[in-house]
There are 2 protein chains.
Amino acid sequence: MLELAILGFLKDGPTHGYDLRTKVAALTGHVRPVADGTLYPAIKRMAAAGWITRKDEPGAAAAPRRVLHLAEAGERELERRLRDPDPLDLSDENRWFTLLAFLRHLDDPAAQAEVLRRRLAFLEQPASFFYDGDRPMRAEEFGDPFRQGLLSIARATSRAELAWLRATVDSLDRAAAP
Amino acid sequence: MLELAILGFLKDGPTHGYDLRTKVAALTGHVRPVADGTLYPAIKRMAAAGWITRKDEPGAAAAPRRVLHLAEAGERELERRLRDPDPLDLSDENRWFTLLAFLRHLDDPAAQAEVLRRRLAFLEQPASFFYDGDRPMRAEEFGDPFRQGLLSIARATSRAELAWLRATVDSLDRAAAP
DNA sequence: CCGAGATACCTCGGATCCGATGTATTGAAC
DNA sequence: GTTCAATACATCGGATCCGAGGTATCTCGG
(Lines give C-alpha, C1' and ligand atoms only; values in the text may rest on other atoms or scores of the structure.)
Protein backbone atom coordinates (compact mmCIF):
# COMPACT_ATOMS: atom_id res chain seq x y z
CA MET A 1 0.00 0.00 0.00
CA LEU A 2 2.80 2.35 0.89
CA GLU A 3 4.88 1.18 -2.06
CA LEU A 4 1.97 1.74 -4.42
CA ALA A 5 1.56 5.27 -3.12
CA ILE A 6 5.25 5.99 -3.61
CA LEU A 7 5.20 4.64 -7.14
CA GLY A 8 2.03 6.58 -7.88
CA PHE A 9 3.36 9.89 -6.61
CA LEU A 10 6.67 9.48 -8.41
CA LYS A 11 4.79 8.86 -11.67
CA ASP A 12 3.75 12.51 -11.47
CA GLY A 13 7.40 13.53 -11.36
CA PRO A 14 10.53 13.20 -9.22
CA THR A 15 10.58 14.35 -5.60
CA HIS A 16 12.49 13.75 -2.42
CA GLY A 17 11.56 11.56 0.53
CA TYR A 18 10.48 14.35 2.82
CA ASP A 19 7.96 15.57 0.29
CA LEU A 20 6.66 12.06 -0.21
CA ARG A 21 6.21 11.91 3.54
CA THR A 22 3.83 14.89 3.36
CA LYS A 23 2.00 13.61 0.30
CA VAL A 24 1.49 10.14 1.74
CA ALA A 25 0.29 11.67 5.00
CA ALA A 26 -2.24 13.77 3.09
CA LEU A 27 -3.49 10.69 1.27
CA THR A 28 -3.66 8.08 4.02
CA GLY A 29 -2.35 9.72 7.18
CA HIS A 30 -5.84 10.60 8.33
CA VAL A 31 -6.62 6.92 8.68
CA ARG A 32 -3.20 5.38 9.15
CA PRO A 33 -0.27 7.66 9.87
CA VAL A 34 2.98 6.71 8.21
CA ALA A 35 6.15 6.71 10.33
CA ASP A 36 9.60 7.73 9.13
CA GLY A 37 10.77 4.30 10.17
CA THR A 38 8.35 2.89 7.59
CA LEU A 39 8.82 5.35 4.75
CA TYR A 40 12.59 5.57 4.48
CA PRO A 41 13.23 1.83 4.64
CA ALA A 42 10.57 1.46 1.95
CA ILE A 43 12.42 3.94 -0.27
CA LYS A 44 15.69 2.13 0.33
CA ARG A 45 14.03 -1.20 -0.43
CA MET A 46 12.50 0.08 -3.65
CA ALA A 47 15.80 1.60 -4.75
CA ALA A 48 17.47 -1.76 -4.14
CA ALA A 49 14.80 -3.40 -6.29
CA GLY A 50 15.63 -0.97 -9.10
CA TRP A 51 12.22 0.70 -9.15
CA ILE A 52 13.53 4.12 -8.24
CA THR A 53 16.87 5.92 -8.56
CA ARG A 54 18.31 8.43 -6.11
CA LYS A 55 20.26 11.53 -6.99
CA ASP A 56 21.74 13.89 -4.43
CA GLU A 57 20.64 17.46 -4.80
CA PRO A 58 23.00 19.60 -2.70
CA GLY A 59 22.18 23.13 -1.59
CA ALA A 60 18.51 22.94 -2.41
CA ALA A 61 17.38 22.97 1.18
CA ALA A 62 18.53 22.88 4.77
CA ALA A 63 19.47 19.24 4.68
CA PRO A 64 20.76 17.61 1.49
CA ARG A 65 17.87 16.18 -0.50
CA ARG A 66 17.99 12.87 -2.22
CA VAL A 67 15.74 13.30 -5.21
CA LEU A 68 13.86 10.17 -6.25
CA HIS A 69 13.12 9.33 -9.86
CA LEU A 70 10.84 6.58 -11.11
CA ALA A 71 12.94 4.10 -13.10
CA GLU A 72 11.61 2.10 -16.03
CA ALA A 73 11.33 -0.99 -13.84
CA GLY A 74 9.30 1.15 -11.44
CA GLU A 75 6.91 2.19 -14.18
CA ARG A 76 6.39 -1.41 -15.10
CA GLU A 77 5.88 -2.30 -11.45
CA LEU A 78 3.29 0.45 -11.03
CA GLU A 79 1.46 -0.65 -14.14
CA ARG A 80 1.51 -4.25 -12.98
CA ARG A 81 0.13 -3.37 -9.57
CA LEU A 82 -2.65 -1.25 -11.05
CA ARG A 83 -3.55 -3.58 -13.87
CA ASP A 84 -3.50 -6.81 -11.87
CA PRO A 85 -3.99 -5.79 -8.26
CA ASP A 86 -3.33 -7.99 -5.27
CA PRO A 87 -6.59 -9.50 -3.91
CA LEU A 88 -6.04 -7.57 -0.69
CA ASP A 89 -6.08 -4.32 -2.66
CA LEU A 90 -9.63 -5.17 -3.71
CA SER A 91 -10.98 -6.15 -0.30
CA ASP A 92 -9.29 -3.83 2.16
CA GLU A 93 -10.76 -0.32 2.06
CA ASN A 94 -7.50 1.44 2.82
CA ARG A 95 -5.68 -0.36 0.07
CA TRP A 96 -8.52 -0.03 -2.40
CA PHE A 97 -8.82 3.71 -1.89
CA THR A 98 -5.12 4.27 -2.45
CA LEU A 99 -5.33 2.18 -5.59
CA LEU A 100 -8.28 4.24 -6.76
CA ALA A 101 -6.31 7.41 -6.18
CA PHE A 102 -3.73 6.29 -8.75
CA LEU A 103 -5.86 4.38 -11.22
CA ARG A 104 -5.59 7.41 -13.52
CA HIS A 105 -2.04 6.24 -14.26
CA LEU A 106 -3.42 3.36 -16.31
CA ASP A 107 -3.86 4.77 -19.80
CA ASP A 108 -6.14 2.01 -21.06
CA PRO A 109 -9.86 2.56 -20.23
CA ALA A 110 -10.56 -1.15 -20.77
CA ALA A 111 -7.96 -2.06 -18.17
CA GLN A 112 -9.36 0.50 -15.76
CA ALA A 113 -12.86 -0.89 -16.22
CA GLU A 114 -11.55 -4.40 -15.57
CA VAL A 115 -10.12 -3.32 -12.22
CA LEU A 116 -13.42 -1.74 -11.22
CA ARG A 117 -15.20 -4.91 -12.27
CA ARG A 118 -13.05 -6.92 -9.89
CA ARG A 119 -13.84 -4.62 -7.01
CA LEU A 120 -17.49 -4.91 -8.05
CA ALA A 121 -17.24 -8.68 -7.87
CA PHE A 122 -15.79 -8.47 -4.40
CA LEU A 123 -18.51 -6.13 -3.13
CA GLU A 124 -21.24 -8.27 -4.64
CA GLN A 125 -20.10 -11.46 -3.00
CA PRO A 126 -21.93 -11.95 0.32
CA ALA A 127 -19.91 -11.32 3.47
CA SER A 128 -20.52 -14.08 6.00
CA PHE A 129 -21.03 -11.62 8.82
CA PHE A 130 -24.01 -10.13 7.01
CA TYR A 131 -25.48 -13.30 5.62
CA ASP A 132 -26.88 -16.42 7.20
CA GLY A 133 -26.02 -18.89 4.48
CA ASP A 134 -27.68 -17.39 1.42
CA ARG A 135 -30.21 -15.38 3.34
CA PRO A 136 -29.27 -11.78 4.04
CA MET A 137 -29.45 -10.94 7.75
CA ARG A 138 -32.06 -8.49 9.00
CA ALA A 139 -30.73 -5.83 11.33
CA GLU A 140 -33.22 -6.75 14.05
CA GLU A 141 -31.67 -10.19 14.32
CA PHE A 142 -28.78 -8.62 16.18
CA GLY A 143 -29.73 -8.02 19.78
CA ASP A 144 -27.54 -4.99 20.30
CA PRO A 145 -27.74 -1.66 18.46
CA PHE A 146 -24.02 -1.72 17.62
CA ARG A 147 -24.05 -4.74 15.39
CA GLN A 148 -27.30 -3.44 13.91
CA GLY A 149 -25.52 -0.20 13.12
CA LEU A 150 -22.53 -2.05 11.74
CA LEU A 151 -24.83 -3.88 9.37
CA SER A 152 -26.70 -0.81 8.20
CA ILE A 153 -23.54 1.26 7.77
CA ALA A 154 -21.85 -1.48 5.77
CA ARG A 155 -24.91 -1.77 3.55
CA ALA A 156 -25.17 1.96 2.98
CA THR A 157 -21.49 2.39 2.13
CA SER A 158 -21.59 -0.63 -0.14
CA ARG A 159 -24.65 0.73 -1.96
CA ALA A 160 -22.97 4.08 -2.56
CA GLU A 161 -19.85 2.53 -3.98
CA LEU A 162 -21.74 -0.02 -6.08
CA ALA A 163 -23.72 2.73 -7.78
CA TRP A 164 -20.58 4.66 -8.60
CA LEU A 165 -18.75 1.55 -9.80
CA ARG A 166 -21.54 0.53 -12.17
CA ALA A 167 -21.87 4.00 -13.64
CA THR A 168 -18.13 4.38 -14.09
CA VAL A 169 -17.67 0.94 -15.62
CA ASP A 170 -20.38 1.83 -18.14
CA SER A 171 -18.77 5.07 -19.16
CA LEU A 172 -15.33 3.47 -19.40
CA ASP A 173 -16.73 0.73 -21.59
CA ARG A 174 -18.23 3.33 -23.87
CA ALA A 175 -14.86 5.10 -24.02
CA ALA A 176 -13.04 1.86 -24.82
CA ALA A 177 -15.37 0.64 -27.59
CA PRO A 178 -16.71 3.59 -29.58
CA MET B 1 -7.56 -5.94 16.20
CA LEU B 2 -7.18 -9.70 16.27
CA GLU B 3 -6.64 -9.68 20.01
CA LEU B 4 -9.75 -7.61 20.53
CA ALA B 5 -11.76 -10.09 18.48
CA ILE B 6 -10.42 -13.01 20.49
CA LEU B 7 -11.22 -11.30 23.78
CA GLY B 8 -14.66 -10.35 22.49
CA PHE B 9 -15.57 -13.84 21.33
CA LEU B 10 -14.30 -15.44 24.52
CA LYS B 11 -16.46 -13.04 26.54
CA ASP B 12 -19.45 -14.96 25.12
CA GLY B 13 -18.06 -18.19 26.54
CA PRO B 14 -15.06 -20.52 26.28
CA THR B 15 -14.09 -22.11 22.97
CA HIS B 16 -11.09 -23.63 21.28
CA GLY B 17 -8.72 -22.06 18.79
CA TYR B 18 -10.12 -23.74 15.72
CA ASP B 19 -13.56 -22.39 16.45
CA LEU B 20 -12.13 -18.92 16.98
CA ARG B 21 -10.49 -19.27 13.59
CA THR B 22 -13.93 -19.71 12.00
CA LYS B 23 -15.55 -16.94 14.03
CA VAL B 24 -12.79 -14.45 13.27
CA ALA B 25 -12.94 -15.37 9.61
CA ALA B 26 -16.70 -14.75 9.57
CA LEU B 27 -16.19 -11.36 11.19
CA THR B 28 -13.20 -9.97 9.32
CA GLY B 29 -12.06 -12.66 6.90
CA HIS B 30 -14.05 -11.15 4.07
CA VAL B 31 -11.81 -8.10 4.14
CA ARG B 32 -8.62 -9.43 5.69
CA PRO B 33 -8.22 -13.19 6.01
CA VAL B 34 -6.55 -14.40 9.17
CA ALA B 35 -3.76 -16.98 8.87
CA ASP B 36 -3.11 -19.80 11.31
CA GLY B 37 0.36 -18.39 11.71
CA THR B 38 -1.25 -15.24 13.06
CA LEU B 39 -4.02 -16.70 15.18
CA TYR B 40 -2.20 -19.38 17.15
CA PRO B 41 0.78 -17.21 18.12
CA ALA B 42 -1.74 -14.59 19.23
CA ILE B 43 -3.45 -17.13 21.47
CA LYS B 44 -0.12 -18.20 22.89
CA ARG B 45 0.87 -14.59 23.46
CA MET B 46 -2.38 -13.79 25.21
CA ALA B 47 -2.11 -16.87 27.40
CA ALA B 48 1.40 -15.78 28.40
CA ALA B 49 -0.02 -12.36 29.30
CA GLY B 50 -2.52 -14.06 31.58
CA TRP B 51 -5.60 -12.91 29.65
CA ILE B 52 -6.76 -16.41 28.77
CA THR B 53 -6.28 -19.87 30.26
CA ARG B 54 -5.99 -23.10 28.30
CA LYS B 55 -7.43 -26.47 29.33
CA ASP B 56 -6.99 -29.64 27.34
CA GLU B 57 -10.21 -31.36 26.38
CA PRO B 58 -9.33 -34.88 25.20
CA GLY B 59 -11.61 -37.03 23.08
CA ALA B 60 -13.98 -34.25 22.10
CA ALA B 61 -12.93 -34.14 18.47
CA ALA B 62 -10.54 -35.56 15.92
CA ALA B 63 -7.56 -33.66 17.25
CA PRO B 64 -7.26 -32.76 20.94
CA ARG B 65 -8.84 -29.40 21.64
CA ARG B 66 -7.33 -26.83 23.90
CA VAL B 67 -10.31 -24.98 25.32
CA LEU B 68 -9.72 -21.29 25.97
CA HIS B 69 -11.28 -19.44 28.88
CA LEU B 70 -11.27 -15.69 29.43
CA ALA B 71 -9.38 -14.98 32.65
CA GLU B 72 -10.17 -12.06 34.94
CA ALA B 73 -7.18 -10.15 33.59
CA GLY B 74 -8.62 -10.75 30.12
CA GLU B 75 -11.98 -9.30 31.10
CA ARG B 76 -10.25 -6.22 32.41
CA GLU B 77 -8.19 -5.98 29.23
CA LEU B 78 -11.31 -6.25 27.06
CA GLU B 79 -13.07 -3.59 29.10
CA ARG B 80 -10.03 -1.35 28.88
CA ARG B 81 -9.77 -1.70 25.12
CA LEU B 82 -13.44 -1.01 24.60
CA ARG B 83 -13.73 1.83 27.08
CA ASP B 84 -10.55 3.64 26.07
CA PRO B 85 -9.78 2.53 22.52
CA ASP B 86 -6.49 2.99 20.75
CA PRO B 87 -6.62 5.99 18.36
CA LEU B 88 -6.10 3.61 15.45
CA ASP B 89 -9.28 1.76 16.43
CA LEU B 90 -11.18 4.99 15.82
CA SER B 91 -9.63 5.91 12.48
CA ASP B 92 -9.09 2.61 10.68
CA GLU B 93 -12.35 1.15 9.32
CA ASN B 94 -11.37 -2.45 9.88
CA ARG B 95 -10.45 -1.84 13.48
CA TRP B 96 -13.44 0.37 14.16
CA PHE B 97 -15.89 -2.17 12.80
CA THR B 98 -14.49 -4.96 14.94
CA LEU B 99 -14.66 -2.69 17.96
CA LEU B 100 -18.27 -1.90 17.10
CA ALA B 101 -19.05 -5.59 16.88
CA PHE B 102 -18.09 -6.03 20.54
CA LEU B 103 -19.17 -2.73 22.03
CA ARG B 104 -22.17 -4.55 23.49
CA HIS B 105 -19.76 -6.01 26.06
CA LEU B 106 -19.53 -2.63 27.77
CA ASP B 107 -22.41 -2.60 30.22
CA ASP B 108 -22.40 1.17 30.78
CA PRO B 109 -24.44 3.15 28.20
CA ALA B 110 -22.57 6.33 29.10
CA ALA B 111 -19.24 4.66 28.31
CA GLN B 112 -20.63 3.32 25.04
CA ALA B 113 -21.84 6.78 24.06
CA GLU B 114 -18.43 8.22 24.88
CA VAL B 115 -16.76 5.78 22.48
CA LEU B 116 -19.20 6.72 19.72
CA ARG B 117 -18.54 10.38 20.42
CA ARG B 118 -14.84 9.83 19.84
CA ARG B 119 -15.46 8.17 16.51
CA LEU B 120 -17.79 11.06 15.72
CA ALA B 121 -15.00 13.52 16.50
CA PHE B 122 -12.68 11.65 14.16
CA LEU B 123 -15.18 11.60 11.29
CA GLU B 124 -15.96 15.28 11.72
CA GLN B 125 -12.35 16.38 11.52
CA PRO B 126 -11.45 17.28 7.93
CA ALA B 127 -9.26 14.81 6.05
CA SER B 128 -6.53 16.65 4.21
CA PHE B 129 -7.12 14.68 1.02
CA PHE B 130 -10.67 16.05 0.83
CA TYR B 131 -9.98 19.58 1.99
CA ASP B 132 -7.87 22.39 0.62
CA GLY B 133 -7.03 24.08 3.86
CA ASP B 134 -10.42 24.81 5.39
CA ARG B 135 -12.27 24.72 2.12
CA PRO B 136 -13.89 21.39 1.21
CA MET B 137 -12.79 20.19 -2.22
CA ARG B 138 -15.31 19.98 -5.03
CA ALA B 139 -15.28 16.72 -6.95
CA GLU B 140 -14.72 18.48 -10.28
CA GLU B 141 -11.39 19.77 -9.05
CA PHE B 142 -9.99 16.31 -9.58
CA GLY B 143 -9.22 15.78 -13.21
CA ASP B 144 -9.81 12.05 -13.27
CA PRO B 145 -13.07 10.23 -12.49
CA PHE B 146 -11.35 7.92 -9.99
CA ARG B 147 -10.38 10.53 -7.47
CA GLN B 148 -13.78 12.13 -8.03
CA GLY B 149 -15.38 8.81 -7.16
CA LEU B 150 -13.11 8.36 -4.18
CA LEU B 151 -14.25 11.71 -2.87
CA SER B 152 -17.96 11.09 -3.40
CA ILE B 153 -17.81 7.56 -1.95
CA ALA B 154 -15.95 8.77 1.11
CA ARG B 155 -18.50 11.53 1.64
CA ALA B 156 -21.47 9.20 1.22
CA THR B 157 -20.14 6.58 3.61
CA SER B 158 -19.20 9.22 6.11
CA ARG B 159 -22.69 10.73 5.94
CA ALA B 160 -24.33 7.37 6.53
CA GLU B 161 -22.22 6.62 9.57
CA LEU B 162 -22.53 10.11 11.00
CA ALA B 163 -26.32 9.90 10.92
CA TRP B 164 -26.28 6.58 12.73
CA LEU B 165 -23.73 7.76 15.27
CA ARG B 166 -25.71 10.87 16.19
CA ALA B 167 -28.97 8.98 16.55
CA THR B 168 -27.36 6.24 18.63
CA VAL B 169 -25.48 8.66 20.89
CA ASP B 170 -28.79 10.40 21.56
CA SER B 171 -30.60 7.24 22.50
CA LEU B 172 -27.70 6.07 24.69
CA ASP B 173 -27.67 9.42 26.48
CA ARG B 174 -31.36 9.09 27.16
CA ALA B 175 -30.76 5.59 28.52
CA ALA B 176 -27.91 6.79 30.75
CA ALA B 177 -29.73 9.80 32.26
CA PRO B 178 -33.44 9.05 32.65
C1' DC C 1 24.46 35.54 18.79
C1' DC C 2 21.90 31.93 20.33
C1' DG C 3 18.27 28.79 20.75
C1' DA C 4 14.01 26.96 18.78
C1' DG C 5 11.86 24.97 15.10
C1' DA C 6 11.63 23.32 10.49
C1' DT C 7 13.92 20.59 6.96
C1' DA C 8 15.81 16.19 5.77
C1' DC C 9 17.47 11.72 6.28
C1' DC C 10 18.73 7.45 8.68
C1' DT C 11 18.98 3.31 11.97
C1' DC C 12 17.72 0.15 15.47
C1' DG C 13 14.93 -3.06 18.27
C1' DG C 14 10.76 -5.12 19.18
C1' DA C 15 6.38 -6.57 17.59
C1' DT C 16 3.28 -8.48 14.40
C1' DC C 17 2.03 -10.65 10.30
C1' DC C 18 1.89 -14.03 6.62
C1' DG C 19 2.84 -18.23 3.90
C1' DA C 20 4.57 -22.50 4.03
C1' DT C 21 5.04 -26.55 6.24
C1' DG C 22 4.48 -30.15 9.63
C1' DT C 23 1.93 -33.51 12.67
C1' DA C 24 -1.82 -36.40 14.02
C1' DT C 25 -6.51 -38.10 14.24
C1' DT C 26 -11.25 -38.98 12.68
C1' DG C 27 -14.87 -39.94 9.34
C1' DA C 28 -16.75 -40.29 4.86
C1' DA C 29 -16.28 -41.75 0.10
C1' DC C 30 -15.03 -44.90 -3.41
C1' DG D 1 -9.33 -50.74 2.85
C1' DT D 2 -7.46 -46.81 1.44
C1' DT D 3 -7.40 -42.31 -0.04
C1' DC D 4 -9.27 -37.86 0.90
C1' DA D 5 -11.03 -34.12 3.45
C1' DA D 6 -11.82 -32.03 7.70
C1' DT D 7 -10.41 -31.21 12.43
C1' DA D 8 -6.95 -29.22 15.35
C1' DC D 9 -2.79 -27.30 16.68
C1' DA D 10 1.97 -25.65 16.09
C1' DT D 11 6.48 -23.68 14.31
C1' DC D 12 9.59 -21.26 11.29
C1' DG D 13 11.63 -17.70 8.32
C1' DG D 14 11.11 -13.61 5.99
C1' DA D 15 8.86 -9.30 5.52
C1' DT D 16 6.88 -5.23 7.17
C1' DC D 17 5.73 -1.99 10.55
C1' DC D 18 6.16 1.30 14.31
C1' DG D 19 8.28 4.17 17.92
C1' DA D 20 12.13 6.07 19.58
C1' DG D 21 16.15 8.01 18.94
C1' DG D 22 20.03 10.12 16.35
C1' DT D 23 22.47 13.57 13.06
C1' DA D 24 23.03 17.76 10.56
C1' DT D 25 21.79 22.15 8.40
C1' DC D 26 19.17 26.38 7.71
C1' DT D 27 16.22 30.25 9.18
C1' DC D 28 14.04 33.35 12.05
C1' DG D 29 12.96 35.67 16.38
C1' DG D 30 14.56 37.77 20.49
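Just so it is clear: chains get the letters A, B, ... in the order the sequence lines come, proteins before strands, and each one is counted from 1.
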Compute the ring centroids of A:F129 and B:F97, then answer whether they are less than 6.0 Å apart.
-> no

Among C:dT7, C:dT16, D:dT11, which nucleotide sits nearest the side chain of A:Y18?
-> C:dT7

Would you check if the side chain of A:Q112 reaches a backbone N or O of A:L103 as a donor-acceptor pair within less than 3.5 Å?
-> yes

Through what angle, rounded to 10 degrees, does the axis of the helix from C:dC1-D:dG30 to C:dC30-D:dG1 turn between its ends, using five pairs per end?
-> 20°

Between D:dT16, D:dA10, C:dC9, which one does the side chain of B:Y40 approach most closely?
-> D:dA10

Of B:R21, B:E57, B:R65, the residue whose pairing with B:H16 passes side chain to side chain donor-acceptor pair (under 3.5 Å) | B:R65

When we call it a touch if two heavy atoms are under 4.0 Å apart, what does A:R21 touch: a base, just sugar-phosphate, or nothing?
-> nothing

Check whether any side-chain heavy atom of B:E75 sits under 4.5 Å from a side-chain heavy atom of B:R80, and report yes or no.
-> no

Would A:D173 and A:R117 pass as an ion pair if we require N to O under 4.0 Å?
-> yes

Between A:W164 and B:Q148, do the side chains contain an N or O donor and an N or O acceptor separated by less than 3.5 Å?
-> no

Select one nucleotide: of C:dC9, C:dC17, D:dA10, the one nearest the side-chain heavy atoms of B:R66.
-> D:dA10

Of A:V24, A:T15, A:D19, A:L4, which meets side chain to side chain contact (heavy atoms under 4.5 Å, CB included) against A:F9?
-> A:V24

Nucleotides 19-24 of chain C: protein proximity per nucleotide (B base, S sugar-phosphate only, - neither; heavy atom, under 4.0 Å) = B-----

Choosing from D:dA8, D:dC17, C:dT11, which nucleotide comes nearest the side chain of A:K44?
-> C:dT11

Where the side chain of B:R54 is concerned, which of D:dC9, D:dA10, C:dT16 is the nearest nucleotide?
-> D:dA10

Side chains of A:W51 and A:E72: donor-acceptor distance under 3.5 Å anywhere?
-> no

